[in-house]
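Read the numbers this way: they start at 1 and go in the same order the structure lists the ligands and their atoms.
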Amino acid sequence: MPFLTISTGSQWKQTDAKKKAREDKQAEADKIRKLHGYDRKEKSDPNRPHDFWDTQPVPKFDAADPTSSEEGPMEEKHVDEVQKEPYALPNDFYWVSMEVTDEEELKEIYTLLYENYVEDDDNMFRFDYSREFLQWALMPPGYHKDWHVGVRMKSKKPGKKDKLVAFITGIPADVAVQTASRGKHQQIMCEVNFLCCWKKLRGKRLAPMLIKEVTRRVNVLDVWQAVYTAGIELPKPISTCRYYHRSLNPKKLISVGFSRLAPRMTMKMTQKLYAVPKEPQLKGIRTMEMKDTESACDLLNDYLSKFSLHPVFSLAEFQYWMMPREGVINTYVITDESGKVTDLCGFYTLPSTIIGNPEYNTLKAAYSYYNVASTVSLDDLMYDALILAKQLDFDVFNALDLMDNASFIEKLKFGIGDGNLQYYLYNFRAPSFNPNQTGLVLL
Ligand code: MYA
(Lines give C-alpha, C1' and ligand atoms only; values in the text may rest on other atoms or scores of the structure.)
Protein backbone atom coordinates (compact mmCIF):
# COMPACT_ATOMS: atom_id res chain seq x y z
CA MET A 1 0.00 0.00 0.00
CA PRO A 2 1.22 3.44 -0.79
CA PHE A 3 1.24 5.78 2.16
CA LEU A 4 0.03 9.26 1.48
CA THR A 5 2.93 11.56 2.19
CA ILE A 6 2.23 15.15 1.62
CA SER A 7 4.57 18.07 1.54
CA THR A 8 2.44 20.06 3.93
CA GLY A 9 2.54 23.78 4.06
CA SER A 10 0.90 26.20 6.40
CA GLN A 11 1.53 29.33 4.40
CA TRP A 12 -1.53 29.18 2.21
CA LYS A 13 -4.09 31.78 3.04
CA GLN A 14 -6.77 30.48 5.34
CA THR A 15 -10.20 31.99 5.52
CA ASP A 16 -11.71 32.01 9.00
CA ALA A 17 -14.10 29.21 8.03
CA LYS A 18 -11.26 27.10 6.72
CA LYS A 19 -9.25 27.78 9.86
CA LYS A 20 -12.15 26.80 12.08
CA ALA A 21 -12.74 23.58 10.09
CA ARG A 22 -9.07 22.75 10.45
CA GLU A 23 -9.07 23.39 14.20
CA ASP A 24 -12.15 21.20 14.60
CA LYS A 25 -10.44 18.47 12.64
CA GLN A 26 -7.33 18.78 14.76
CA ALA A 27 -9.38 18.54 17.95
CA GLU A 28 -11.09 15.42 16.58
CA ALA A 29 -7.71 13.90 15.67
CA ASP A 30 -6.35 14.66 19.16
CA LYS A 31 -9.41 13.00 20.64
CA ILE A 32 -8.86 9.88 18.58
CA ARG A 33 -5.19 9.77 19.56
CA LYS A 34 -6.12 10.06 23.23
CA LEU A 35 -8.64 7.30 22.72
CA HIS A 36 -5.88 5.10 21.34
CA GLY A 37 -3.84 5.63 24.45
CA TYR A 38 -0.84 6.77 22.51
CA ASP A 39 0.44 9.88 20.94
CA ARG A 40 1.82 10.10 17.41
CA LYS A 41 5.35 10.70 18.71
CA GLU A 42 5.17 7.66 20.93
CA LYS A 43 3.62 5.64 18.12
CA SER A 44 6.44 6.55 15.79
CA ASP A 45 9.19 5.48 18.21
CA PRO A 46 10.27 2.20 16.63
CA ASN A 47 12.15 1.11 19.75
CA ARG A 48 9.04 1.06 21.91
CA PRO A 49 7.92 -2.39 23.11
CA HIS A 50 5.63 -4.14 20.63
CA ASP A 51 3.25 -6.45 22.47
CA PHE A 52 2.21 -8.00 19.20
CA TRP A 53 5.16 -7.64 16.84
CA ASP A 54 7.60 -8.93 19.46
CA THR A 55 5.79 -12.29 19.19
CA GLN A 56 5.99 -12.49 15.39
CA PRO A 57 8.67 -13.95 13.09
CA VAL A 58 10.15 -10.60 12.11
CA PRO A 59 13.61 -9.25 13.03
CA LYS A 60 13.87 -6.96 16.05
CA PHE A 61 13.98 -3.29 15.14
CA ASP A 62 17.67 -2.92 15.99
CA ALA A 63 18.77 -6.32 14.58
CA ALA A 64 21.83 -6.28 12.37
CA ASP A 65 21.62 -7.74 8.86
CA PRO A 66 21.41 -11.56 9.11
CA THR A 67 24.49 -13.73 8.92
CA SER A 68 24.44 -16.35 6.16
CA SER A 69 23.13 -19.02 8.53
CA GLU A 70 20.32 -16.71 9.69
CA GLU A 71 19.08 -15.84 6.21
CA GLY A 72 15.72 -17.20 5.06
CA PRO A 73 12.57 -18.19 7.01
CA MET A 74 12.61 -17.41 10.74
CA GLU A 75 10.04 -20.06 11.56
CA GLU A 76 9.27 -23.31 9.71
CA LYS A 77 6.03 -25.18 10.22
CA HIS A 78 3.92 -27.79 8.49
CA VAL A 79 0.35 -27.14 7.32
CA ASP A 80 -0.85 -29.79 9.81
CA GLU A 81 0.32 -27.56 12.66
CA VAL A 82 -1.85 -24.66 11.57
CA GLN A 83 -4.91 -23.98 13.67
CA LYS A 84 -7.98 -25.04 11.67
CA GLU A 85 -10.50 -22.76 13.41
CA PRO A 86 -10.50 -18.96 13.09
CA TYR A 87 -9.23 -17.01 16.09
CA ALA A 88 -11.88 -16.14 18.64
CA LEU A 89 -13.31 -12.62 18.52
CA PRO A 90 -15.28 -10.80 21.24
CA ASN A 91 -18.96 -11.78 21.37
CA ASP A 92 -20.41 -9.06 19.17
CA PHE A 93 -17.99 -9.64 16.31
CA TYR A 94 -17.41 -12.37 13.74
CA TRP A 95 -15.16 -13.12 10.77
CA VAL A 96 -16.27 -13.01 7.14
CA SER A 97 -14.60 -13.55 3.79
CA MET A 98 -15.60 -10.60 1.64
CA GLU A 99 -16.88 -11.25 -1.88
CA VAL A 100 -15.41 -8.47 -4.02
CA THR A 101 -17.39 -9.56 -7.09
CA ASP A 102 -20.59 -8.78 -5.19
CA GLU A 103 -21.56 -5.13 -5.71
CA GLU A 104 -23.03 -4.75 -2.25
CA GLU A 105 -20.06 -6.26 -0.40
CA LEU A 106 -17.68 -4.27 -2.57
CA LYS A 107 -19.55 -1.12 -1.60
CA GLU A 108 -19.19 -2.03 2.09
CA ILE A 109 -15.43 -2.40 1.68
CA TYR A 110 -15.30 0.83 -0.29
CA THR A 111 -17.20 2.71 2.41
CA LEU A 112 -15.10 1.34 5.28
CA LEU A 113 -11.94 2.46 3.52
CA TYR A 114 -13.42 5.73 2.28
CA GLU A 115 -14.23 6.72 5.85
CA ASN A 116 -11.40 5.09 7.80
CA TYR A 117 -8.34 4.29 5.70
CA VAL A 118 -4.94 5.99 5.56
CA GLU A 119 -4.73 9.73 6.20
CA ASP A 120 -1.74 12.04 6.08
CA ASP A 121 -0.20 13.20 9.36
CA ASP A 122 -2.31 16.37 9.44
CA ASN A 123 -5.59 14.56 8.72
CA MET A 124 -6.20 16.68 5.64
CA PHE A 125 -6.36 13.91 3.01
CA ARG A 126 -7.61 10.32 3.05
CA PHE A 127 -7.15 7.69 0.34
CA ASP A 128 -10.25 7.08 -1.74
CA TYR A 129 -9.68 3.76 -3.53
CA SER A 130 -12.44 3.36 -6.14
CA ARG A 131 -14.52 0.17 -6.33
CA GLU A 132 -13.00 -0.68 -9.71
CA PHE A 133 -9.55 -0.19 -8.23
CA LEU A 134 -10.33 -2.47 -5.29
CA GLN A 135 -11.49 -5.22 -7.63
CA TRP A 136 -8.29 -4.82 -9.62
CA ALA A 137 -6.12 -4.85 -6.49
CA LEU A 138 -7.80 -7.88 -4.97
CA MET A 139 -8.51 -10.32 -7.81
CA PRO A 140 -5.21 -11.17 -9.57
CA PRO A 141 -4.77 -14.66 -11.09
CA GLY A 142 -4.97 -17.30 -8.34
CA TYR A 143 -6.48 -14.97 -5.71
CA HIS A 144 -8.27 -16.50 -2.72
CA LYS A 145 -11.55 -15.07 -1.49
CA ASP A 146 -10.60 -16.42 1.93
CA TRP A 147 -7.70 -13.97 2.10
CA HIS A 148 -10.07 -10.97 1.92
CA VAL A 149 -10.82 -10.98 5.61
CA GLY A 150 -13.51 -8.85 7.20
CA VAL A 151 -14.87 -8.41 10.70
CA ARG A 152 -18.58 -7.70 11.15
CA MET A 153 -20.23 -6.30 14.26
CA LYS A 154 -23.60 -7.79 15.16
CA SER A 155 -26.35 -5.24 14.75
CA LYS A 156 -28.50 -4.45 17.75
CA LYS A 157 -31.37 -3.29 15.52
CA PRO A 158 -33.46 -6.12 14.08
CA GLY A 159 -33.29 -6.30 10.30
CA LYS A 160 -30.23 -4.07 10.07
CA LYS A 161 -27.20 -5.56 8.34
CA ASP A 162 -24.16 -6.28 10.49
CA LYS A 163 -21.63 -3.54 9.87
CA LEU A 164 -18.25 -4.29 8.34
CA VAL A 165 -15.88 -2.76 10.91
CA ALA A 166 -12.44 -4.07 9.96
CA PHE A 167 -10.63 -5.48 6.97
CA ILE A 168 -7.31 -6.90 5.82
CA THR A 169 -6.36 -8.55 2.54
CA GLY A 170 -3.78 -10.87 1.09
CA ILE A 171 -3.11 -11.75 -2.54
CA PRO A 172 -0.60 -14.29 -3.85
CA ALA A 173 2.46 -13.04 -5.69
CA ASP A 174 5.67 -14.57 -6.99
CA VAL A 175 8.39 -12.49 -5.33
CA ALA A 176 12.19 -12.60 -5.51
CA VAL A 177 14.46 -11.42 -2.67
CA GLN A 178 18.22 -11.01 -2.78
CA THR A 179 20.10 -12.92 -0.08
CA ALA A 180 23.82 -12.52 0.61
CA SER A 181 24.64 -16.21 0.81
CA ARG A 182 22.13 -17.94 -1.47
CA GLY A 183 21.61 -15.51 -4.33
CA LYS A 184 18.09 -14.62 -5.38
CA HIS A 185 15.38 -16.46 -3.51
CA GLN A 186 12.07 -16.68 -5.39
CA GLN A 187 8.79 -17.99 -4.02
CA ILE A 188 5.04 -17.42 -3.71
CA MET A 189 4.35 -14.91 -0.95
CA CYS A 190 1.29 -13.13 0.27
CA GLU A 191 1.10 -9.38 -0.38
CA VAL A 192 -0.82 -7.85 2.52
CA ASN A 193 -2.77 -4.62 2.13
CA PHE A 194 -5.88 -2.64 3.18
CA LEU A 195 -5.52 -3.22 6.91
CA CYS A 196 -8.26 -0.98 8.25
CA CYS A 197 -10.26 -0.62 11.40
CA TRP A 198 -13.36 1.52 11.97
CA LYS A 199 -12.27 4.68 13.82
CA LYS A 200 -14.54 3.95 16.79
CA LEU A 201 -12.72 0.63 17.37
CA ARG A 202 -9.18 1.94 17.28
CA GLY A 203 -6.71 1.15 20.05
CA LYS A 204 -8.51 -2.08 20.99
CA ARG A 205 -5.92 -4.51 19.58
CA LEU A 206 -8.13 -5.54 16.67
CA ALA A 207 -5.24 -5.07 14.19
CA PRO A 208 -3.18 -7.94 15.71
CA MET A 209 -6.27 -10.18 15.48
CA LEU A 210 -6.70 -9.32 11.79
CA ILE A 211 -3.04 -9.97 11.11
CA LYS A 212 -3.10 -13.28 12.96
CA GLU A 213 -6.25 -14.43 11.19
CA VAL A 214 -4.99 -13.54 7.72
CA THR A 215 -1.70 -15.28 8.57
CA ARG A 216 -3.60 -18.41 9.57
CA ARG A 217 -5.62 -18.40 6.34
CA VAL A 218 -2.44 -17.93 4.30
CA ASN A 219 -0.56 -20.65 6.21
CA VAL A 220 -3.43 -23.10 5.67
CA LEU A 221 -2.62 -22.86 1.96
CA ASP A 222 1.04 -23.60 2.65
CA VAL A 223 2.27 -20.03 2.13
CA TRP A 224 4.60 -18.84 4.91
CA GLN A 225 6.09 -15.53 3.79
CA ALA A 226 4.51 -12.13 3.19
CA VAL A 227 5.48 -8.69 1.95
CA TYR A 228 3.78 -5.46 2.98
CA THR A 229 4.36 -1.73 3.25
CA ALA A 230 3.31 0.79 5.87
CA GLY A 231 3.84 4.43 6.67
CA ILE A 232 4.74 3.57 10.26
CA GLU A 233 7.98 2.04 11.48
CA LEU A 234 7.62 -1.48 12.82
CA PRO A 235 10.16 -4.24 13.38
CA LYS A 236 11.88 -4.23 10.90
CA PRO A 237 11.90 -2.52 7.52
CA ILE A 238 13.84 -4.22 4.74
CA SER A 239 13.87 -0.96 2.80
CA THR A 240 12.71 2.61 3.35
CA CYS A 241 11.42 4.62 0.42
CA ARG A 242 10.17 8.15 0.11
CA TYR A 243 7.34 9.66 -1.93
CA TYR A 244 7.94 12.56 -4.29
CA HIS A 245 5.20 14.70 -5.82
CA ARG A 246 5.09 16.42 -9.19
CA SER A 247 2.49 19.21 -9.32
CA LEU A 248 0.31 19.17 -12.42
CA ASN A 249 -2.37 21.53 -11.12
CA PRO A 250 -0.41 23.75 -8.70
CA LYS A 251 -3.22 26.24 -8.16
CA LYS A 252 -5.53 23.56 -6.76
CA LEU A 253 -2.73 21.86 -4.79
CA ILE A 254 -1.88 25.14 -3.11
CA SER A 255 -5.51 26.03 -2.52
CA VAL A 256 -6.21 22.75 -0.70
CA GLY A 257 -3.00 22.88 1.36
CA PHE A 258 -1.26 19.99 -0.38
CA SER A 259 1.66 22.25 -1.30
CA ARG A 260 2.52 25.89 -0.83
CA LEU A 261 3.68 28.78 -2.88
CA ALA A 262 7.46 28.90 -2.79
CA PRO A 263 9.05 32.10 -1.42
CA ARG A 264 9.24 34.85 -4.04
CA MET A 265 7.04 32.93 -6.47
CA THR A 266 3.70 34.18 -7.70
CA MET A 267 0.90 31.81 -8.69
CA LYS A 268 1.50 32.70 -12.35
CA MET A 269 5.19 31.86 -12.09
CA THR A 270 4.35 28.58 -10.32
CA GLN A 271 1.83 27.59 -12.98
CA LYS A 272 4.38 28.33 -15.67
CA LEU A 273 7.03 26.31 -13.85
CA TYR A 274 4.84 23.21 -13.77
CA ALA A 275 3.20 23.59 -17.20
CA VAL A 276 3.76 20.66 -19.57
CA PRO A 277 3.16 20.35 -23.33
CA LYS A 278 -0.30 19.30 -24.51
CA GLU A 279 0.92 16.19 -26.37
CA PRO A 280 3.54 13.52 -25.55
CA GLN A 281 6.92 14.19 -27.07
CA LEU A 282 8.22 10.70 -27.81
CA LYS A 283 7.66 9.28 -31.26
CA GLY A 284 5.27 6.32 -31.29
CA ILE A 285 4.31 6.30 -27.62
CA ARG A 286 0.80 4.85 -27.26
CA THR A 287 -1.51 2.95 -24.92
CA MET A 288 -0.49 -0.67 -24.40
CA GLU A 289 -2.63 -3.29 -26.16
CA MET A 290 -2.96 -7.05 -25.64
CA LYS A 291 -0.69 -7.74 -28.65
CA ASP A 292 2.16 -5.91 -26.85
CA THR A 293 2.01 -7.85 -23.62
CA GLU A 294 4.28 -10.79 -24.41
CA SER A 295 7.32 -8.68 -25.23
CA ALA A 296 6.40 -6.07 -22.61
CA CYS A 297 6.29 -8.78 -19.94
CA ASP A 298 9.77 -10.00 -20.94
CA LEU A 299 11.07 -6.43 -20.92
CA LEU A 300 9.72 -5.77 -17.44
CA ASN A 301 10.82 -9.08 -15.87
CA ASP A 302 14.28 -8.60 -17.32
CA TYR A 303 14.51 -5.06 -15.95
CA LEU A 304 13.18 -6.01 -12.51
CA SER A 305 15.69 -8.83 -12.10
CA LYS A 306 18.44 -6.32 -11.24
CA PHE A 307 16.72 -5.27 -8.00
CA SER A 308 16.91 -6.86 -4.54
CA LEU A 309 13.15 -7.22 -4.10
CA HIS A 310 10.83 -7.58 -7.08
CA PRO A 311 7.82 -9.45 -8.42
CA VAL A 312 8.25 -12.06 -11.15
CA PHE A 313 5.29 -11.81 -13.53
CA SER A 314 3.80 -14.69 -15.52
CA LEU A 315 2.26 -13.46 -18.77
CA ALA A 316 -1.22 -13.76 -17.24
CA GLU A 317 -0.15 -11.73 -14.19
CA PHE A 318 1.52 -9.09 -16.33
CA GLN A 319 -1.62 -8.77 -18.44
CA TYR A 320 -3.71 -8.54 -15.30
CA TRP A 321 -1.60 -5.86 -13.62
CA MET A 322 -0.53 -3.80 -16.60
CA MET A 323 -3.31 -3.84 -19.20
CA PRO A 324 -5.08 -0.46 -19.09
CA ARG A 325 -8.35 -0.19 -17.15
CA GLU A 326 -10.18 3.09 -17.29
CA GLY A 327 -9.81 5.13 -14.14
CA VAL A 328 -7.54 2.49 -12.59
CA ILE A 329 -4.33 1.80 -14.49
CA ASN A 330 -2.77 3.42 -17.57
CA THR A 331 0.11 1.81 -19.41
CA TYR A 332 1.96 3.17 -22.42
CA VAL A 333 4.53 1.55 -24.71
CA ILE A 334 6.96 2.29 -27.50
CA THR A 335 7.70 -0.54 -29.93
CA ASP A 336 10.39 -1.19 -32.56
CA GLU A 337 9.64 -1.90 -36.25
CA SER A 338 8.96 -5.56 -35.46
CA GLY A 339 6.35 -4.63 -32.87
CA LYS A 340 8.52 -5.58 -29.90
CA VAL A 341 8.03 -3.35 -26.85
CA THR A 342 11.22 -1.42 -26.08
CA ASP A 343 9.93 1.08 -23.51
CA LEU A 344 7.08 0.97 -21.05
CA CYS A 345 5.56 3.24 -18.43
CA GLY A 346 2.51 3.01 -16.22
CA PHE A 347 0.66 4.85 -13.50
CA TYR A 348 -2.38 4.02 -11.41
CA THR A 349 -5.24 6.25 -10.26
CA LEU A 350 -5.64 6.78 -6.54
CA PRO A 351 -7.59 9.88 -5.53
CA SER A 352 -7.74 11.22 -2.00
CA THR A 353 -10.65 12.84 -0.23
CA ILE A 354 -9.81 16.38 0.76
CA ILE A 355 -11.22 16.38 4.27
CA GLY A 356 -13.50 19.28 5.16
CA ASN A 357 -12.65 21.50 2.21
CA PRO A 358 -15.63 23.54 1.04
CA GLU A 359 -14.27 24.06 -2.48
CA TYR A 360 -12.81 20.70 -3.53
CA ASN A 361 -13.71 17.14 -2.50
CA THR A 362 -11.08 15.16 -4.30
CA LEU A 363 -7.42 15.29 -5.10
CA LYS A 364 -6.80 13.36 -8.29
CA ALA A 365 -3.42 11.63 -7.97
CA ALA A 366 -1.54 9.40 -10.40
CA TYR A 367 1.01 7.00 -8.88
CA SER A 368 4.01 5.82 -10.85
CA TYR A 369 3.87 2.04 -11.28
CA TYR A 370 6.43 0.13 -13.39
CA ASN A 371 8.60 1.96 -15.96
CA VAL A 372 11.32 0.61 -18.24
CA ALA A 373 13.30 2.71 -20.73
CA SER A 374 15.63 1.01 -23.20
CA THR A 375 15.62 3.12 -26.40
CA VAL A 376 14.76 6.49 -24.83
CA SER A 377 15.95 8.06 -21.61
CA LEU A 378 13.93 7.44 -18.45
CA ASP A 379 13.68 11.25 -18.08
CA ASP A 380 12.00 11.56 -21.47
CA LEU A 381 9.74 8.59 -20.84
CA MET A 382 8.58 9.98 -17.50
CA TYR A 383 8.15 13.45 -18.96
CA ASP A 384 5.64 11.89 -21.34
CA ALA A 385 4.01 10.08 -18.42
CA LEU A 386 3.49 13.50 -16.80
CA ILE A 387 2.01 14.89 -20.01
CA LEU A 388 -0.32 11.91 -20.38
CA ALA A 389 -1.37 12.26 -16.73
CA LYS A 390 -2.05 15.95 -17.27
CA GLN A 391 -4.17 15.11 -20.32
CA LEU A 392 -6.23 12.90 -18.00
CA ASP A 393 -6.69 15.81 -15.61
CA PHE A 394 -4.63 14.52 -12.70
CA ASP A 395 -3.69 17.17 -10.12
CA VAL A 396 -0.45 15.52 -9.06
CA PHE A 397 1.88 12.71 -10.13
CA ASN A 398 3.47 10.75 -7.27
CA ALA A 399 6.51 8.52 -7.42
CA LEU A 400 8.61 6.66 -4.87
CA ASP A 401 12.38 6.95 -5.03
CA LEU A 402 12.63 3.21 -5.79
CA MET A 403 14.00 1.43 -8.89
CA ASP A 404 15.65 4.09 -11.09
CA ASN A 405 13.17 6.82 -10.16
CA ALA A 406 15.70 8.94 -8.27
CA SER A 407 17.34 9.72 -11.61
CA PHE A 408 14.40 11.79 -12.92
CA ILE A 409 12.95 13.20 -9.73
CA GLU A 410 14.89 16.44 -9.65
CA LYS A 411 15.00 17.09 -13.36
CA LEU A 412 11.25 16.62 -13.73
CA LYS A 413 10.54 18.98 -10.79
CA PHE A 414 9.22 16.51 -8.25
CA GLY A 415 9.12 17.84 -4.67
CA ILE A 416 9.94 15.67 -1.66
CA GLY A 417 7.05 14.32 0.44
CA ASP A 418 7.08 14.40 4.21
CA GLY A 419 6.96 10.73 5.19
CA ASN A 420 8.55 7.40 4.39
CA LEU A 421 7.07 4.21 3.03
CA GLN A 422 8.56 1.22 4.82
CA TYR A 423 8.84 -2.19 3.13
CA TYR A 424 8.59 -5.34 5.27
CA LEU A 425 9.00 -9.08 4.87
CA TYR A 426 7.16 -11.46 7.19
CA ASN A 427 9.02 -14.59 8.25
CA PHE A 428 12.01 -14.05 6.01
CA ARG A 429 15.36 -12.60 7.02
CA ALA A 430 17.44 -10.95 4.31
CA PRO A 431 19.85 -8.01 4.26
CA SER A 432 18.16 -4.62 4.04
CA PHE A 433 18.74 -2.51 0.93
CA ASN A 434 18.39 1.03 -0.41
CA PRO A 435 15.37 2.43 -2.27
CA ASN A 436 17.18 2.12 -5.59
CA GLN A 437 17.38 -1.64 -5.02
CA THR A 438 13.65 -1.88 -4.35
CA GLY A 439 11.76 -3.17 -7.38
CA LEU A 440 8.27 -3.79 -6.03
CA VAL A 441 5.30 -1.42 -6.04
CA LEU A 442 2.39 -2.31 -3.76
CA LEU A 443 -0.93 -0.57 -4.33
S1 MYA B 1 -0.69 -0.50 5.88
C2 MYA B 1 -2.15 0.48 6.06
C3 MYA B 1 -2.60 0.51 7.44
N4 MYA B 1 -3.89 1.14 7.56
C5 MYA B 1 -4.10 2.37 7.99
O6 MYA B 1 -3.19 3.10 8.33
C7 MYA B 1 -5.55 2.82 7.97
C8 MYA B 1 -5.92 3.68 9.12
N9 MYA B 1 -5.60 3.03 10.38
C10 MYA B 1 -6.30 2.00 10.89
O11 MYA B 1 -7.27 1.51 10.34
C12 MYA B 1 -5.79 1.44 12.21
O13 MYA B 1 -4.99 2.41 12.84
C14 MYA B 1 -4.98 0.13 12.06
C15 MYA B 1 -4.37 -0.24 13.39
C16 MYA B 1 -5.92 -0.99 11.61
C17 MYA B 1 -3.85 0.28 11.05
N18 MYA B 1 0.82 -2.55 10.04
O19 MYA B 1 -5.71 -2.59 16.82
P20 MYA B 1 -4.63 -1.79 17.45
C21 MYA B 1 0.14 -2.56 15.13
C22 MYA B 1 1.14 -3.48 10.94
O23 MYA B 1 -4.89 -1.42 18.88
P24 MYA B 1 -5.28 0.41 15.75
C25 MYA B 1 -1.27 -2.04 5.39
O26 MYA B 1 -2.40 -2.20 5.05
C27 MYA B 1 0.77 -1.69 16.18
O28 MYA B 1 2.16 -1.57 15.98
N29 MYA B 1 0.89 -3.35 12.27
O30 MYA B 1 -4.27 -0.49 16.58
C31 MYA B 1 -0.28 -3.19 5.47
C32 MYA B 1 0.39 -2.44 17.44
O33 MYA B 1 1.22 -3.59 17.60
P34 MYA B 1 2.45 -3.55 18.64
C35 MYA B 1 0.28 -2.24 12.67
O36 MYA B 1 -4.63 1.71 15.52
C37 MYA B 1 -0.63 -4.02 6.66
C38 MYA B 1 -1.00 -2.96 17.13
O39 MYA B 1 -1.11 -2.97 15.68
C40 MYA B 1 -0.09 -1.23 11.78
O41 MYA B 1 -6.63 0.38 16.34
C42 MYA B 1 0.39 -5.07 6.98
C43 MYA B 1 -2.07 -2.06 17.69
O44 MYA B 1 -3.29 -2.63 17.35
C45 MYA B 1 0.22 -1.42 10.42
N46 MYA B 1 -0.07 -0.49 9.50
O47 MYA B 1 -5.37 -0.33 14.32
C48 MYA B 1 0.00 -5.85 8.20
N49 MYA B 1 -0.69 -0.25 12.48
O50 MYA B 1 1.85 -3.31 20.00
C51 MYA B 1 1.06 -6.87 8.60
C52 MYA B 1 -0.67 -0.62 13.76
O53 MYA B 1 3.13 -4.87 18.52
C54 MYA B 1 0.99 -8.10 7.74
N55 MYA B 1 -0.09 -1.81 13.89
O56 MYA B 1 3.32 -2.41 18.19
C57 MYA B 1 1.92 -9.15 8.23
C58 MYA B 1 1.92 -10.40 7.35
C59 MYA B 1 0.65 -11.20 7.56
C60 MYA B 1 0.54 -12.39 6.58
C61 MYA B 1 1.61 -13.46 6.80
C62 MYA B 1 1.46 -14.63 5.85
C63 MYA B 1 2.52 -15.53 5.95
Side-chain angles (χ1 to χ4, degrees), residues 1-5 29 32-33 35-40 42-58 60-61 73-77 79 82 89-90 93 112-121 123 125-127 129 137-138 144 146-147 149-151 164-173 175 187-238 419 421-428 442-443:
M1 84 99 235
F3 189 75
L4 192 74
T5 52
I32 288 172
R33 269 198 298 281
L35 195 80
H36 291 183
Y38 50 63
D39 182 277
R40 184 181 300 139
E42 204 182 302
K43 196 176 161 193
S44 67
D45 174 7
N47 282 313
R48 73 190 193 278
H50 292 279
D51 286 353
F52 170 65
W53 282 109
D54 290 347
T55 67
Q56 296 299 298
V58 293
K60 295 279 168 272
F61 192 80
M74 297 180 67
E75 194 178 83
E76 292 196 81
K77 279 199 212 152
V79 176
V82 182
L89 282 174
F93 301 89
L112 176 74
L113 298 178
Y114 176 77
E115 293 172 350
N116 301 281
Y117 201 48
V118 178
E119 296 177 10
D120 68 301
D121 275 353
N123 311 102
F125 307 96
R126 187 186 311 119
F127 284 140
Y129 286 88
L138 295 176
H144 307 285
D146 235 32
W147 293 8
V149 186
V151 173
L164 179 71
V165 292
F167 192 52
I168 190 168
T169 66
I171 52 167
V175 176
Q187 68 170 112
I188 301 295
M189 292 193 189
C190 171
E191 287 179 0
V192 183
N193 204 346
F194 302 115
L195 168 61
C196 184
C197 180
W198 189 33
K199 286 191 177 185
K200 290 187 184 163
L201 288 175
R202 296 275 170 89
K204 297 184 186 301
R205 313 300 296 180
L206 193 51
M209 294 308 299
L210 287 159
I211 296 168
K212 274 161 54 176
E213 179 58 15
V214 79
T215 303
R216 191 191 66 77
R217 292 175 184 215
V218 171
N219 288 167
V220 164
L221 294 185
D222 207 10
V223 175
W224 303 92
Q225 273 70 39
V227 57
Y228 50 101
T229 56
I232 62 167
E233 276 188 286
L234 302 162
K236 181 207 172 189
I238 185 124
L421 184 71
Q422 314 286 348
Y423 277 70
Y424 300 95
L425 292 179
Y426 183 92
N427 195 21
F428 197 88
L442 296 184
L443 303 173

Polar side-chain atom of Arg216 near backbone of Val82 as donor-acceptor pair, under 3.5 Å: no
For the pair Tyr117 and Phe127, name the ring-plane relationship: parallel under 30°, tilted 30 to 60°, perpendicular over 60°. tilted
Is the shortest N/O to N/O distance between Phe52 and ligand 1 below 3.5 Å? yes
Asn193 neighbourhood, listing ligand 1 atoms whose heavy-atom distance to it stays under 4.0 Å: 26 (O)
So is there a nitrogen or oxygen of Ala230 less than 3.5 Å from a nitrogen or oxygen in ligand 1? no
For Met74, is there any backbone N or O sitting under 3.5 Å from a side-chain donor or acceptor partner on Asn427? yes
Expected output: side-chain Glu191 to main-chain Val227 donor-acceptor under 3.5 Å: no
Quick one: closest heavy-atom pair of Ile232 and Tyr424, and the distance? O-OH, 2.6 Å
Under 4.0 Å from a heavy atom of Leu206: which atoms of ligand 1 are those, numbered in the order shown and with their elements? 19 (O)
Please identify which atoms of ligand 1 are closer than 4.0 Å to at least one heavy atom of Asp51. 34 (P), 50 (O), 53 (O)
Indicate yes or no: does an N/O atom of Arg205 lie under 3.5 Å from an N/O atom of ligand 1? yes
Test item, Gln56 contacting ligand 1 (heavy atom, 4.0 angstrom): no
Test of understanding: given a 4.0 Å heavy-atom threshold, classify the contact between Ile232 and ligand 1 as side chain, backbone, both, or neither. side chain
Pick one of side chain, backbone, both or neither for how Glu119 approaches ligand 1, counting any non-hydrogen atom pair under 4.0 Å. neither
With heavy atoms of Arg48 as the reference, note each atom of ligand 1 found under 4.0 Å away. 28 (O), 56 (O)
How does Tyr228 reach ligand 1, if at all, at less than 4.0 Å between non-hydrogen atoms: by side chain, backbone, both, or neither? side chain
Determine whether any heavy atom of Asn427 lies closer than 4.0 Å to an atom of ligand 1. no
Using a 4.0 Å cut-off to any heavy atom of Ala226, which atoms of ligand 1 qualify? 58 (C), 60 (C), 61 (C), 62 (C)
Decide whether an N or O pair under 3.5 Å exists between Cys197 and ligand 1. yes
Would Gly203 count as being in polar contact with ligand 1, using the rule that some N or O on each side must be under 3.5 angstrom apart? yes
N or O pair under 3.5 Å between Leu195 and ligand 1: yes
Test of proximity, His50 against ligand 1: N or O pairs below 3.5 Å: yes
Would you find a donor on one side and an acceptor on the other, under 3.5 Å apart, between the side chain of Trp147 and the backbone of Arg217? yes
Using non-hydrogen atoms of the residue, decide whether Thr229 is closer than 4.0 angstrom to ligand 1. yes
